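Structure first, commentary second.
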Amino acid sequence: MTDDVIHLIVRLEADGFRPYASSPQAPGLVYGRPTMEELHADLQDVLGFHFDRPGPFDVVEHHERHHEVAGGELVFRLAADGHARERKNVQTALSRALRDPLQAEGLVSAPANAVGEVVYICAVASDTIGWILAQLGPEGDTVNVAVRVVNVVVMA
């Protein structure tokens, strides 16, 4: 097994489009299958072919959903890891904000990546900057990090 973690970015499209994946650790890899099950079934072989070496490979899968909102393009990215519930809570808070036109405009006006999408990584407090940077290509790119803060009530 390799010591390198492969961050696999899986774009989940609506309207019947097939899921496809790429990875900043595998430049040039764009890998799609008709279903998520098929994508997972072939993944280790595809990575082995791409890197020209046998696996298994240590993969952290991130799911992205694309939204066209308020004249812009938003992408929410969630790692499919042990913090999935917490990350989903961040996505839910962002989705609620999209219902308010002023907040939606604010989300869309954040810095965009090289292809014009505003990407929000749904993070948790234990995510490190290095872990976030590992989700970007070797030349870097622009992402926004969203973390949900718990409401705290202070009684005096």
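None of the values given here were measured: they were computed from a predicted structure. Quick note: residue numbers are just sequence positions, from 1.
- From Gln25, atom CD reaches atom CG of Leu47 across 10.5 Å, with rounding to the nearest 0.5 Å.
- Taking every heavy atom of both residues into account, Thr35 and Pro19 meet most closely at C-CG, 3.8 Å.
- Ring pair Phe76/His67 is tilted by interplanar angle, where 30° to 60° counts as tilted.
- With Asp127 as the partner, the side-chain hydrogen bond (donor to acceptor under 3.5 Å, both in side chains) test is satisfied by one option alone out of Gln135, His83, Arg87: Arg87.
- Remark: side-chain polar atoms of Asn113 are not paired, donor with acceptor, to backbone N or O of Asp141 under 3.5 angstrom.
- For the salt bridge (charged side-chain N to carboxylate O under 4.0 Å, His left out) test, no residue two or more places apart in sequence or in another chain qualifies with Arg148.
- Residues Pro111 and Thr142 approach most closely at CB-CG2, 3.5 Å, considering heavy atoms.
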Handout entry: Test side-chain contact (heavy atoms from CB on, under 4.5 Å) applied to Cys122 and Leu78, step by step
Key = CA-CA 5 Å; Cys122 297; Leu78 291 82; 4.0 Å; yes
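- Listed here is the closest heavy atom pair of Val90 and Ala146: CG1-O, 3.5 Å.
- Minimum interatomic distance between Ala104 and Val69 (heavy atoms only, all atoms of both residues): CB-CG1, 3.8 Å.
- The closest donor-acceptor contact from the side chain of His40 to the backbone of Met36 lies under 3.5 Å.
- Shown here for Pro24 and Ala134, the closest heavy-atom pair between the two residues is CG-O, 3.3 Å.
- The distance from the OG atom of Ser23 to the CZ atom of Phe51 is 6.0 Å, given to the nearest 0.5 Å.
- A continuous path of hydrophobic side-chain contacts links Val60 to Val119 [ILVMFWY only; heavy atoms under 4.5 Å].
- Following chains of ILVMFWY side-chain contacts shorter than 4.5 Å, one cannot reach Val46 starting from Tyr20, and the two form parts of different hydrophobic clusters.
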Practice task
Just do the side-chain contact (heavy atoms from CB on, under 4.5 Å) check on Leu43 and Leu8 with the steps written out, would you?
Solution key: CA-CA 10 Å; Leu43 179 60; Leu8 189 73; 3.8 Å; yes
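- From Ile121, atom CD1 reaches atom CD1 of Ile9 across 7.5 Å, with rounding to the nearest 0.5 Å.
- For the atom pair CD of Gln103 and CD of Glu105, the computed distance is 11.5 Å after rounding to the nearest 0.5 Å.
- When atom types are taken as modelled, the side chain of Tyr120 and the backbone of Gln91 share no donor-acceptor pair closer than 3.5 angstrom.
- In this structure, the side chain of Tyr31 engages the main chain of Leu39 through a donor-acceptor pair within 3.5 Å.
- Hydrophobic cluster membership is shared by Ile132 and Val75, with clusters built from Ile, Leu, Val, Met, Phe, Trp and Tyr side chains linked at under 4.5 angstrom.
- Under a hydrophobic-cluster definition in which Ile, Leu, Val, Met, Phe, Trp and Tyr are linked whenever side-chain heavy atoms come within less than 4.5 Å, directly or via other members, Leu12 and Leu94 are assigned to different clusters.
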Problem - Criterion side-chain contact (heavy atoms from CB on, under 4.5 Å) on Asp58 and Asp4, from CA distance to verdict - result: CA-CA 7 Å; Asp58 186 9; Asp4 299 329; over 6 Å; no
Practice task
Verify side-chain contact (heavy atoms from CB on, under 4.5 Å) between Val143 and Leu136, making sure each step is shown before the conclusion.
Solution key: CA-CA 8 Å; Val143 293; Leu136 306 178; 3.5 Å; yes
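- Here the closest heavy-atom approach between residue Ala97 and residue Leu107 is recorded as CB-CD1, 3.9 Å.
- Counting heavy atoms from C-beta on, the side chains of Gln44 and Val59 come closer than 4.5 Å.
- Residues Glu117 and Arg11 are paired through a salt bridge, judged by an N-O separation under 4.0 Å between the basic side chain and the carboxylate.
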Practice task
Begin from the C-alpha positions of His62 and Glu64 and carry the test side-chain hydrogen bond (donor to acceptor under 3.5 Å, both in side chains) through to its verdict.
Solution key: CA-CA 7 Å; His62 304 265; Glu64 288 188 341; over 6 Å; no
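- Taking CG from Leu133 and OG1 from Thr128, the interatomic distance works out to 8.0 Å, rounded to the nearest 0.5 Å.
- Hydrophobic cluster membership is shared by Val145 and Ile129, with clusters built from Ile, Leu, Val, Met, Phe, Trp and Tyr side chains linked at under 4.5 angstrom.
- Between Trp131 and His7, the angle of the ring planes goes over 60°, which puts this pair in the perpendicular group of the 30/60° scheme.
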